[in-house]
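Report on one structure; see the data block that follows.
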Amino acid sequence: MPELPEVEVTRLGLLPHLAGRRVTGVRWSNRRLRRPMPRRLLREWIENGVITTIDRRAKYLLVRMQGGAVLVVHLGMTGRLGIFAAPSPGARHDHLCLRLDNDREVRFNDSRRFGSITVWPADEAGRLEEEFAAGLGIEPFSEHFNAANLLALAEKRRLPVKSFLMDSRIIAGIGNIYASEILHAAGLHPLTPVNRIHRQQWQQVVTTGRAILEEAIRAGGSTIADFLDASGQPGYFQLRLRVYGRGDLPCPDCGRIIEKTVLAGRATFFCPGCQPLPRE
DNA sequence: CAATATACCTGGATGC
DNA sequence: TGCATCCAGGTATATT
């Protein structure tokens, strides 16, 4: 489900419900997520703690506790977070539940269990930054996401540009949907080897990329104003996707038929008119 | 080093 | 209706 915009929309929706609240109880399912549930650390560092704020890095949510501990949540493919009235029936695939001091609960639901929950104790949370820095690439909304940096990262590789955009070690937060959308907006064929891309085209990727991600966050934000009893449907469904999922339909820009192909095992959509593959 | 394959899971859509 | 098959927005690890 979630790429950077959906995670950011989740963060924005959750924040007013969580900031300043004390966690009065923690429960979990017996199922293993991507990693085992850190039961001991949840009891030790999250239960009875006070949430100060929520940050985001790539597709990770960082729920920060007073004193410095951090609850890190990744939504995987199907993970959702929502706020619910405290005595209310749980749902199938609820895997973590934080009871709050206002008779509400935040619940993590994830049918495929590709999501993850980790706890960083206060005395280790300082390493979180370097951990992320080591494993994750450029944030699309940071100043480092610029044409010069992308050009430098790309010049020695022949990776298809879609794989480049989706590689979280290079660029953080762009997933399968937005990769297709950004490349369409930038006029680049998904298979274009990155070392063939010029500075000006990278500038297009930067500009259109930010615009698309921002627009998606805004679209989600408008319907997510109330996150209570979140059905898990942040508003991104209303997003107007221009190529993703539109194989065999006309391109909204030029009318040519949008093609679907598979790249690195992932559905990939592009318009052969707007996104020509450069020839030798 | 780079590209691909596979593994982790459930559920919805599709086809017979 | 039942059953098999394929597909899904992510990531880590193994293998060519």
Side-chain angles (χ1 to χ4, degrees), chain A residues 1-11 28-37 56-61 72-81 91-96 108-118 131-132 134-137 139-140 152-184 190-196 209 212-213 215-217 219-220 224 231-248 260-270:
Chain A
M1 202 192 274
E3 300 182 32
L4 184 154
E6 291 73 37
V7 176
E8 181 64 12
V9 165
T10 300
R11 186 183 78 81
W28 47 74
S29 74
N30 288 322
R31 314 302 298 275
R32 179 197 162 102
L33 303 182
R34 171 161 288 284
R35 337 169 52 134
M37 191 66 73
R56 178 188 59 74
R57 180 76 170 90
K59 298 168 189 165
Y60 294 87
L61 287 170
V72 179
V73 179
H74 194 291
L75 302 178
M77 290 273 247
T78 49
R80 303 177 313 202
L81 286 162
R92 188 164 185 205
H93 305 306
D94 280 351
H95 295 300
L96 180 66
F108 175 74
N109 184 286
D110 184 6
S111 61
R112 282 175 83 178
R113 311 209 304 276
F114 288 171
S116 70
I117 304 282
T118 49
E131 189 86 358
F132 278 132
L136 293 174
E139 281 288 329
L153 285 166
E155 67 184 353
K156 289 201 173 97
R157 312 188 208 219
R158 261 170 293 192
L159 199 61
V161 62
K162 179 168 180 257
S163 303
F164 181 88
L165 291 186
M166 287 180 65
D167 188 333
S168 62
R169 292 162 305 181
I170 303 174
I171 300 170
I174 297 176
N176 201 38
I177 290 181
Y178 293 103
S180 278
E181 292 297 312
I182 290 167
L183 290 174
H184 178 255
L191 290 177
T192 312
V194 288
N195 63 352
R196 304 275 309 273
I212 285 170
L213 296 174
E215 182 201 341
I217 293 167
I224 211 159
S231 63
Q233 291 292 3
Y236 60 81
F237 60 81
Q238 63 173 257
L239 192 70
R240 287 260 171 277
L241 298 176
R242 299 176 83 76
V243 285
Y244 186 86
R246 302 192 68 247
D248 295 334
K260 175 184 176 181
T261 181
V262 174
L263 171 57
R266 316 288 253 125
T268 301
F269 298 86
F270 66 97

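Below, chains carry the letters A, B, ... as their sequence lines are ordered, and counting in each starts from 1. Keep in mind that what you see is a predicted model, and the values were worked out from it rather than measured. The basis for the numbers below is simple: all heavy atoms, side chains too, and nothing from hydrogens, waters or symmetry mates.
- Using a 4.5 Å heavy-atom threshold, the side chains of Phe164(A) and Ile171(A) count as touching.
- Here the straight-line distance linking atom OG of Ser29(A) with atom NE2 of His93(A) works out to 10.5 Å at 0.5 Å rounding.
- Between His74(A) atom NE2 and dT11(C) atom C1' there is a gap of 7 Å when expressed in whole angstrom units.
- Of the listed nucleotides (dT11(C), dT10(B), dA8(C)), dT11(C) has the atom at the smallest distance from the side chain of Lys59(A).
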Could you list, one pair per line, each protein nitrogen or oxygen that sits under 3.5 Å from a nitrogen or oxygen of nucleotides 3-6 of chain B, together with the distance?
residue: dA3(B); atom: OP1; partner: Leu159(A); partner atom: N; Å: 3.4

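- Considering Thr192(A), Thr261(A), Asn176(A) as possible partners of Lys162(A), the one that fulfils the side chain to side chain donor-acceptor pair (under 3.5 Å) test is Asn176(A).
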Checklist outcome for this item: Note, DNA chain C 5' to 3' with Watson-Crick or G-U pairs under 3.5 Å encoded as ( ), [ ], | and . gives .|||||||.|||||||
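- For Met37(A) and dC8(B), the CE to C1' distance is 16 Å, given to the nearest whole Å.
- The backbone N or O of Arg266(A) sits less than 3.5 Å from a side-chain atom of Thr268(A), completing a donor-acceptor pair.
- Between Ile177(A) atom CD1 and Phe269(A) atom CZ the span is 9.5 Å, to the nearest 0.5 Å.
- Nucleotide dC1(B) holds its C1' atom 13 Å from the CG atom of Asp167(A), rounded to whole Å.
- For the atom pair CZ of Arg56(A) and CD of Glu139(A), the computed distance is 5.0 Å after rounding to the nearest 0.5 Å.
- Counting to the nearest Å, the P atom of dC8(B) and the CD1 atom of Ile117(A) are 21 Å from each other.
- Val73(A) places a side-chain heavy atom less than 4.5 Å from the side chain of Phe108(A).
- When distances are taken from the side chain of Tyr60(A) to each of dA8(C), dA12(C), dC9(B), the shortest belongs to dA12(C).
- An OP1 or OP2 oxygen of dC9(B) is reached within less than 4.0 angstrom by no side-chain nitrogen or oxygen of His93(A).
- Comparing dC9(B) with dC3(C), their P atoms sit 24 Å apart, to the nearest whole Å.
- Whole-Å rounding puts the Met77(A) CE to dT11(C) P distance at 9 Å.
- For Tyr178(A) and dG9(C), the shortest distance from a side-chain N or O to OP1 or OP2 is not below 4.0 Å.
- Using cut-offs of 30° and 60° for the angle between ring planes, the Phe132(A) and Tyr60(A) rings count as tilted.
- With rounding to the nearest 0.5 angstrom, the CG atom of Leu33(A) is 6.5 Å from the CG atom of Asp110(A).
- With hydrogens and angles ignored, the 3.5 Å screen pairs no side-chain donor or acceptor of Glu181(A) with any backbone N or O of Ile212(A).
- Heavy atoms of Arg92(A) sit under 4.0 angstrom from primed sugar atoms or phosphate atoms, though from no base atom.
- Distances were taken from every side-chain heavy atom of Glu6(A) (C-beta onward) to each of dT10(B), dG9(C), dA12(C); the shortest belongs to dG9(C).
- No N or O donor and acceptor, one from the side chain of Arg113(A) and one from the base of dC9(B), sit under 3.5 Å apart.
- Among the protein residues, Arg31(A) comes within range of the sugar-phosphate backbone only, with heavy atoms under 4.0 Å from sugar or phosphate atoms but none that close to a base.
- Remark: P of dC7(C) and CZ of Arg266(A) are 13 Å apart, rounded to the nearest angstrom.
- Here dG11(B) presents its P atom at 11 Å from CG of Asp110(A), a figure rounded to the nearest Å.
- In this structure, Phe114(A) counts as stacked on the base of dC8(B) under the 5.5 Å centre distance and 30° plane angle limits.
- Atom CG of Asn30(A) and atom P of dC9(B) are 15 Å apart (whole Å).
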